[in-house]
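Scroll down for the structure; my scribbles are underneath it.
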Amino acid sequence: MSILTEIRNRFRPVLADLTADVDSALGMVLRAQDGKFGDFQANCAMPLAKAHGKPPREIAQQIVDRVSVEDLADKPDIAGPGFINVRLKDSWIEEAATQLVADERLGHQRLAAKKYVIDYSSPNVAKPMHVGHLRSSVIGNALDRVLRFVGHEVISDNHIGDWGTQFGMIIFGFKNFVDEAAYKRQPVSELARLYRLVNQLCDYHDAKVERPNLLGKLADLQTEISAINNPLQQARLIRKLKASISEQEALLDDYAAKIATIASSPELSKLADSYPDIAVQARHETAKLHGGDAENQRLWNEFMPECLQALQGVYDKLGIKFDKALGESYYNPFLADVVTKLQAAGLATESDGAVCVFLPGNEAPFIVRKKDGAFTYATTDLATVQYRVEQFGTQVMLYVVDTRQSEHFKLLFETAKRMGFGDVEFHHVNFGTVLGNDGRPFKTRAGDTVGLESLLDEAVARALQIVSENAPDLDDATKKSVAEAVGIGGIKYADLHHNRESDYKFDWDKMLSMSGDTATYIQYANARMNGILRKGNVDRAALRSSGARVRLTHASERSLVLQLLSFEDAVNAVVAELKPNLLAQYLFETANRFTTFYNDCQVLNETDAAIRQSRLLLCDLTARTLTLGLELLGIAAPAQM
RNA sequence: GCGCCCGUAGCUCAGUUGGAUAGAGCAACGGAUUUCUAAUCCGUCGGUCGGAGGUUCGAAUCCUCCCGGGCGUACCA
């Protein structure tokens with residue numbers, strides 16, 4: 001049990017006498033923010049005082065008089081307006097830490113198991129993975145590992161995009177533009193090229209059609225703005241119009257660029273002229289595929305293994321494994337039924353030729369069948385929910401997906417609940433957009449985005465260089481595996497230590513940086529501890545069962561031990577919030593406190609045998625905490641580096 | 001138009017869901033190594049938490065308005 005829980009349990013009976021809402025009062029019992037306020041603080045006296053119409057310090061005094069903590073802490077102090085500060089007794093910390101040594105799970109008690117499906121990564125097979133795909137994979141995998149560790153039954157599912165409009169583009173491209181030799185050599189990159197090409201041509205025609213409309217809209221706005229005859233009064237309106245104009249102009253630039261790209265290349269212009277209705281034709285190929293057309297099915301079956309294998313290469317490098325990879329195509333047989341069911345239940349109605357679910361309070365409909373008869377990802381997602389509940393008995397469903405799709409998930413969850421899945425707990429585990437160095441969202445369609453695989457390779461190469469400089473004595477195989485741990489771990493950590501909800505500025509150098517708040521820092525601390533244990537010829541299992549006790553003789557030992565004792569809180573916080581950065585922060589702080597301890601306290605050179613044993617225990621315990629913690633984030637922890 | 005999100009140190013970001021003097025990393029500057037790994041440690045500098053009101057014992061956090069930015073918004077996923 002964590003110390004925090006223990007402390008709260010002590011306060012519980014006392015607070016129960018003062019309020020009906022004990023839990024919220026207990027929520028104000030926290031780790032102290034600052035060492036000078038002790039180890040824990042209870043901030044509940046102030047709000048309780050108001051309810052009782054008494055001075056806060058009087059209520060605080062009442063709590064302090066009644067709370068029973070003599071065995072584990074000094075008599076609590078009252079400070080400021082009524083803060084209650086608790087300082088733990090060293091003897092109690094020593095005992096708690098000694099018990100921790102014997103615990104395989106480092107103090108974490110399993111939670112009541114629930115059945116989870118966690119849906120993450122979900123790349124589109126038509127496009128090669130790029131850095132934008134990293135967040136879902138890395139955050140999702142960390143949550144996957146943490147949920148399993150705390151005791152849940154987890155099925156990880158890679159919901160691959162293998163059935164959408166892009167596939168029609170590939171098929172169309174393949175039928176019309178394929179370079180057979182290139183396809184034989186490198187099937188996946190040829191398919192990617194075809195996708196980009198078709199997409200580019202579609203955009204071109206689209207831009208040409210839309211441009212006049214846009215120009216018209218711009219002219220209207222200009223007229224509107226010049227018609228304003230009282231600029232002072234209508235300053236706000238003018239600002240809005242101007243914003244609107246610059247927005248349209250940006251779009252126009254975008255179109256102009258697309259048109260220019262094609263126009264500047266004679267070959268591309270020729271292609272564009274030869275296929276004026278390419279978008280329609282590509283969509284037609286998608287429809288044929290969905291409809292069971294033999295040729296398109298054959299192509300799909302031919303392409304898929306190649307595409308999946310290419311993805312697998314990236315997952316191998318990242319150390320990510322899925323239980324299932326049921327792509328969109330898997331649900332094709334169920335889609336028609338979903339729509340029928342929705343219609344029968346009166347949930348879906350036809351509108352403008354499309355079948356839609358209209359949900360109160362939402363302007364946009366949830367479209368489950370387009371007017372051309374094709375189904376959408378809304379349909380697929382509903383079928384997926386149904387499948388997961390029926391096949392796996394799923395109780396909690398997590399979707400680790402970009403925050404920009406929050407509206408989709410809001411509608412999905414609402415519709416699913418109305419369809420009869422009201423008992424399922426749904427969470428859109430949203431994350432912020434990946435931004436470029438300019439602070440603008442990464443463009444996925446532009447050709448110049450950083451490919452994920454080359455990024456990973458670059459990271460490992462840089463790490464190898466640093467490993468060779470810093471640890472020339474390691475043999476080559478060890479250097480290589482350390483470089484992988486440091487390179488890949490660094491990239492993952494760069495992502496995981498941010499709050500997932502914030503936008504994320506992609507910075508190559510920062511991502512590959514190996515000093516400061518990085519995975520490398522934590523890995524290095526871990527390696528140093530392992531180094532001590534190795535150098536001292538310590539049999540770690542024997543050490544743990546030796547009956548040696550943790551003893552506090554220095555402030556930095558105390559600080560480290562308190563941190564080790566709150567591992568459970570850190571892990572449970574990740575589960576409660578579905579935020580891996582809470583664990584990343586915890587590990588950095590732990591490594592930090594260890595390094596201070598390392599600086600202040602000698603271990604192997606300590607002459608007092610009992611203190612030496614105690615410090616060895618701390619090394620062992622800290623190393624286990626960091627290794628396990630990093631593992632939960634999907635980051636390797638080499639024993640030496 | 002409607003909806004959602006964001007604005008914290010020069011830069012990148014935390015901030016325990018309303019708590020005490022707002023914290024890290026990077027960058028800059030100064031120091032530490034005959035001692036278990038210097039991929040390290042210690043210190044200094046750096047803030048009108050976008051602005052203005054309000055709520056209360058107490059606000060970066062909650063409410064209102066304003067400024068600035070991002071995203072989504074009927075048949076892409």
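Convention: sequence-line order gives letters A, B, ...; per-chain numbering from 1.
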### C1' spacing across the pair B:A24 / B:C45, given as an integer number of angstrom
16 Å
### Test: A:R593 and A:E589 ion pair at under 4.0 Å
yes
#### Entry: Residues from residues 573-580 of chain A lying under 4.0 Å of RNA chain B - heavy atoms
A:E577
### Message
Classify A:Y521 by what it touches in the nucleic acid, base, sugar-phosphate, or nothing, heavy-atom distance under 4.0 Å.
### Response
sugar-phosphate
### Query
Which part of the nucleic acid does A:P365 contact within heavy-atom distance under 4.0 Å: base, sugar-phosphate only, or nothing?
base
Which pairs of donor and acceptor atoms, one on a side chain in residues 571-585 of chain A, lie under 3.5 Å apart (sequence neighbours left out)?
from, atom 1, to, atom 2, distance (Å)
A:N572, OD1, A:H108, NE2, 2.8

### Task
Nearest whole angstrom, please: distance from the P of B:C41 to the CG of A:D517.
11 Å
### Task
State whether A:S502 places a side-chain N or O below 4.0 Å from either non-bridging phosphate oxygen (OP1 or OP2) of B:C6.
no
### Query
How far does CD1 of A:I522 sit from CD1 of A:I635, to the nearest 0.5 angstrom?
7.0 Å
### Task
On the 0 to 90° scale, with breaks at 30° and 60°, tag the A:H133-A:H130 ring pair as parallel, tilted or perpendicular.
perpendicular
### Query
Should A:N43 be listed as having a side-chain N or O under 4.0 Å from OP1 or OP2 of B:A20?
no
#### Entry: Pairing string, 5' to 3', for RNA chain B - Watson-Crick or wobble contacts under 3.5 Å, brackets [ ] where pairs cross, | to another strand
(((((((..((((.....[...)))).(((((.......))))).....(((((..]....))))))))))))....
### Message
Does A:E501 reach a base, just sugar-phosphate, or nothing at all? Heavy atoms under 4.0 Å.
### Response
nothing
### Query
Quick one: is B:A38 close enough that its OP1 or OP2 comes under 4.0 Å of any side-chain N or O from A:R528?
yes
### Query
According to a strict under-4.0 Å criterion, is A:N599 in side-chain N/O contact with OP1 or OP2 of B:C41?
no
### Query
Does a nitrogen or oxygen in the side chain of A:K535 sit under 4.0 Å from OP1 or OP2 of B:C36?
no
### Query
At under 4.0 Å between heavy atoms, what does A:A79 touch on the DNA or RNA strands: base, sugar-phosphate, or nothing?
base
### Query
With distance as the sole criterion, do the side chain of A:N85 and the base of B:A20 form a donor-acceptor contact below 3.5 Å?
yes
### Task
Run through A:D503, A:D495, A:D402 and flag the one making a salt bridge (Lys or Arg N to Asp or Glu O under 4.0 Å) with A:R135.
A:D495
### Message
Using a 4.0 Å heavy-atom cut-off, does A:C601 contact any base of the nucleic acid, only the sugar-phosphate backbone, or nothing at all?
### Response
base
### Query
Is the shortest side-chain N/O distance from A:Y377 to OP1 or OP2 of B:A77 below 4.0 Å?
no
